[in-house]
Amino acid sequence: MINLSIASPSTVSIPLKVLTSTSKSSFNGLQIRFPFSFRVPPKTACTGGRNSSVVMMAKREEELKEIRAKSTEEIKEEVVDLKGELLMLRLQKSARNEFKSSEFRRMRKRIARMLTVKREREIEEGVGKRLSRKLDRKWKKSIVVRPPPSLKKLREEEAAAEEAEKSA
């Protein structure tokens, strides 16, 4: 019997049994059978659990209430801002600057939630799928490109720093 371990010995161990061709099968060669035995680490070692998922769900519910409280125009404006922020993150990534990779997913999810709420409102108004797509194309063409809020904030900070240097 050969004993093969994958990962750490506390998580998985796989004893191997090698059978020769003396068995009554039509298979010519070696057969390897894996009688698996898994050892699960204690529950305290696991990160997260029921409590963390409940908290995440509550945060999501709060965020959805926040989004639903906004008007459709506000939602459209925020979607444009978030897409600009997403572009800034991509630029930071390509320039190999420091950034939080979790922000990509967070922003994409927030954009998706906002667009979902927008579409729910369209459905309530009786707007069909085809007309909705047509309206979206019109809306996207009408968007005026502007810098995202984070870039505006960065520019303001740089201008304040330059004024401080000039006055000093």
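This one's a predicted model, so the numbers in the text were calculated from it and none came from an experiment.
A single hydrophobic cluster is not seen to contain both Leu87 and Leu82; linkage of ILVMFWY side chains at heavy-atom distances under 4.5 Å, directly or through other members, places them apart. Residues Phe104 and Met114 share a hydrophobic cluster, clusters being chains of Ile/Leu/Val/Met/Phe/Trp/Tyr side chains in contact below 4.5 Å. Under the 4.5 Å side-chain heavy-atom criterion for ILVMFWY residues, no single connected hydrophobic cluster contains both Ile143 and Met88. Put simply, Ile111 and Leu91 are part of two different groups of oily side chains (I, L, V, M, F, W, Y) that touch within less than 4.5 Å, one to the next. Note on Leu154 and Met107: separate hydrophobic clusters, where clusters join Ile, Leu, Val, Met, Phe, Trp and Tyr whose side-chain heavy atoms are under 4.5 Å apart, directly or indirectly.
Sorted by first and then second residue, the pairs that involve residues 127-137 and meet salt bridge (Lys or Arg N to Asp or Glu O under 4.0 Å), not counting sequence neighbours, are Lys118-Asp136.
Residues passing the side-chain hydrogen bond (donor to acceptor under 3.5 Å, both in side chains) test with Ser150 are Glu85, sequence neighbours excluded. Among residues two or more places apart in sequence or in another chain, the side-chain hydrogen bond (donor to acceptor under 3.5 Å, both in side chains) test is passed with Arg106 by Glu103. Listed by chain and residue number, Arg110 satisfy the salt bridge (charged side-chain N to carboxylate O under 4.0 Å, His left out) test with Glu66 (two or more places apart in sequence, or in another chain). When the side-chain hydrogen bond (donor to acceptor under 3.5 Å, both in side chains) test is applied to Arg113, the partners found at least two apart in sequence or on another chain are Glu63.
Between Leu64 and Arg60 the shortest side-chain heavy-atom distance does not fall below 4.5 Å.
Within a 6.0 Å radius of NZ in Lys93, no more than 12 heavy atoms belonging to other residues, nucleotides or ligands are found. Other residues, nucleotides and ligands place more than 12 heavy atoms under 6.0 Å from the NZ atom of Lys76.
From Ile67, atom CD1 reaches atom NZ of Lys65 across 13.0 Å, with rounding to the nearest 0.5 Å.
Remark: the backbone N or O of Ser71 is paired with a side-chain donor or acceptor of Glu74 at under 3.5 angstrom.
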Output side-chain donor-acceptor pairs under 3.5 Å for residues 121-128, partner residues at least two apart or in another chain, one line each.
unit_1 : atom_1 : unit_2 : atom_2 : d
Arg121 : NH1    : Lys70  : O      : 2.8
Arg121 : NH2    : Arg68  : O      : 2.7
Arg121 : NH2    : Lys70  : O      : 2.7
Glu122 : OE1    : Arg119 : NH1    : 3.3
Glu122 : OE1    : Ser132 : OG     : 2.6

